[in-house]
Amino acid sequence: MKRLIVAIFVSIFAVALLPHSDAQAADQVASWDVHLVVNGQSYQPTDEEGKPYINTQGRTMIPVRVVGQALGFTVDFKDGQVLLENKELPLKARFFLGKNYFEANQVRHEMDSKMVVSDKDRSYFPLRALVGIQAQVHWDAATRTVDITGNFSKTKNFTQPGPRDKYTLVTDKGKRVVKLSAANVADQKYYSFSAEDAKYISEKSRINKLVTYNNTDYIGIWSGITLDTSLAYYQVPKDSSQPLKYIGLANTTSDIILSDQYFYSTDGSTHGGPDVKPNRLFKDPIGVRGGGEKIEASVAINNSRFFINDKNELWARSPEGTETKILDKA
């Protein structure tokens with residue numbers, strides 16, 4: 001299997017030992033201020049599930065079960081070992097309590113910190129260990145966010161998150177345009193908005209997310225308004241002489257999927273809002289602002305990822321790996 005390139009950006013923390021919380025791991029914790037995004041979805045694990053943290057060595061420690069399941073692995077704990085398996089890749093990994101190495105497909109990998117277990121019986125390993133299970137990691141120091149991608153299904157067509165800095169919103173000749181970053185200046189491209197869509201883009205707007213679906217890039221643009229928890233998605237055209245195409249609006253933490261006619265999203269994992277409904281699915285005609293349909297799914301789907309199979313059925317995959325058909329026709 002082709003090994004994914006891991007790009008890890010590590011920030012240096014000047015830290016003091018913090019008071020222990022209920023989720024404290026068997027490690028010296030310097031900071032709990034770490035946000036977790038896996039394959040484009042934001043995760044906010046509880047103390048019981050295990051929260052990511054930074055130890056006093058400056059190492060980011062991540063909860064094995066939360067991240068492992070989000071990447072499509074089954075996770076089991078037995079005889080002081082954590083066992084991860086993804087039969088589709090295929091890949092088997094074993095992590096050992098108190099050891100600074102692990103095995104992936106019988107190949108030994110060293111770690112810069114040992115695997116530890118919290119007083120809630122939650123296992124943690126260092127972020128860099130993800131190189132051994134074929135994942136990519138990006139650390140955003142400004143937002144203190146760990147952005148993990150990898151282990152996509154070979155047989156299910158999910159949206160695939162990409163690097164947010166591939167595109168940037170800039171002002172050119174008094175107009176807001178999207179710039180495609182490139183090492184060679186001659187390869188840089190600029191994409192404009194239609195006159196109608198330009199009305200919704202301000203100097204505060206910025207690109208918050210990038211996903212690829214069916215070999216096409218879609219950028220999620222945030223308005224820049226503090227209380228706004230939505231992203232406006234635009235399709236990036238193959239021809240930069242054509243304008244960006246408005247697709248639809250979705251919560252910042254929701255997965256998205258597109259059929260030929262509709263744009264699907266959920267309420268995402270945003271907490272605290274009185275109108276957040278875990279079972280709610282938004283079905284909006286592509287390119288239409290307002291309107292659309294709200295569908296009540298039989299299971300909670302706000303933290304799920306979506307795919308459309310070869311029968312044009314819409315399916316949801318939960319963080320635990322459970323797959324549920326949502327619509328007979330997407």
Side-chain angles (χ1 to χ4, degrees), residues 5 7 9 11 35 37 39-42 136 138-145 147 149 159-265 268 270 282 284-292:
I5 298 174
F9 296 82
S11 61
H35 305 286
V37 176
N39 285 336
Q41 283 188 262
S42 176
Q136 294 176 307
H138 173 75
W139 168 257
D140 188 334
T143 60
R144 300 179 70 82
T145 299
D147 199 341
T149 60
T159 56
Q160 300 188 12
R164 283 176 288 181
D165 56 0
K166 180 178 179 180
Y167 299 95
T168 53
L169 263 174
V170 299
T171 300
D172 181 57
K173 299 178 182 179
K175 294 182 178 180
R176 295 289 273 167
V177 296
V178 171
K179 174 184 174 182
L180 170 64
S181 302
N184 190 338
V185 175
D187 294 329
Q188 293 180 351
K189 295 181 181 180
Y190 293 85
Y191 303 87
S192 61
F193 295 92
S194 68
E196 176 63 24
D197 290 336
K199 298 176 184 178
Y200 298 91
I201 307 298
S202 72
E203 290 295 325
K204 293 182 178 180
S205 301
R206 64 178 176 86
I207 296 173
N208 182 275
K209 188 177 289 189
L210 165 65
V211 299
T212 300
Y213 185 64
N214 290 337
N215 298 314
T216 300
D217 286 348
Y218 296 87
I219 52 174
I221 297 179
W222 179 53
S223 67
I225 300 173
T226 302
L227 297 180
D228 186 7
T229 60
S230 63
L231 298 177
Y233 280 89
Y234 292 83
Q235 179 182 320
V236 179
K238 302 296 184 183
D239 182 357
S240 61
S241 67
Q242 299 297 313
L244 293 148
K245 179 183 177 182
Y246 174 75
I247 299 299
L249 203 66
N251 187 282
T252 56
T253 57
S254 171
D255 189 31
I256 63 167
I257 199 77
L258 296 88
S259 67
D260 291 339
Q261 294 180 292
Y262 297 102
F263 176 75
Y264 296 94
S265 66
T270 304
F282 295 97
D284 299 319
I286 290 176
V288 177
R289 295 183 186 273

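Note that the structure is a prediction, hence the values are computed from the model and not measured.
With sequence neighbours left out, K173 forms a salt bridge (charged side-chain N to carboxylate O under 4.0 Å, His left out) with no residue at all. The salt bridge (charged side-chain N to carboxylate O under 4.0 Å, His left out) check on K179 picks up nothing, with sequence neighbours excluded. Every residue two or more places apart in sequence or in another chain that forms a side chain to side chain contact (heavy atoms under 4.5 Å, CB included) with R176 is listed here: L169, T171, I201, E203. Among residues two or more places apart in sequence or in another chain, the salt bridge (charged side-chain N to carboxylate O under 4.0 Å, His left out) test is passed with D217 by K166.
The closest side-chain donor-acceptor pair between T253 and N251 falls under 3.5 angstrom. D255 and S265 form no side-chain donor-acceptor contact under 3.5 Å, judged by distance and modelled atom types alone. Side chains of D147 and T145: a donor-acceptor N/O pair is absent below 3.5 angstrom, by distance only.
Applying the ring pair (Phe, Tyr, Trp, His ring centres under 6.0 Å) test to residues at least two apart or on different chains, none of the pairs has a partner in residues 160-187.
Side chains of I256 and F263 form a contact here, defined as non-hydrogen atoms less than 4.5 Å apart. Counting heavy atoms from C-beta outward, S259 and Y264 have side chains that approach closer than 4.5 Å. Here the side chains of Y262 and D284 are not in contact, with every heavy-atom distance at 4.5 Å or above. Proximity of V178 to I207: side-chain heavy atoms (C-beta onward) are separated by under 4.5 Å at one or more points. Within the 4.5 Å cutoff, side-chain heavy atoms of K238 are placed close to those of T216. Contact check for S181 versus D165: no side-chain heavy atoms found under the 4.5 Å cut-off. Proximity of L249 to L231: side-chain heavy atoms (C-beta onward) are nowhere separated by under 4.5 Å. Between K245 and Y234, every side-chain heavy-atom pair lies at or beyond the 4.5 Å cut-off.
K204 contributes atom NZ, which lies 7.0 Å from atom CD1 of I225 (distance to the nearest 0.5 angstrom). T159 OG1 to L210 CG: the interatomic distance, rounded to the nearest 0.5 Å, is 10.5 Å. To the nearest 0.5 Å, atoms CG (L244) and CD (Q235) are separated by 9.0 Å.
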Solution key, residues 186-195 side-chain donor-acceptor pairs under 3.5 Å, sequence neighbours excluded:
residue : atom : partner : partner atom : Å
S194    : OG   : D197    : N            : 3.1
S194    : OG   : D197    : OD2          : 3.2

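The minimum heavy-atom distance linking D172 with V177 is given by the pair CB-CG2, 3.8 Å.
Remark: side-chain polar atoms of W222 are paired, donor with acceptor, to backbone N or O of D228 under 3.5 angstrom.
For Y218 and Y233, the ring centers are positioned 6.0 Å apart or more.
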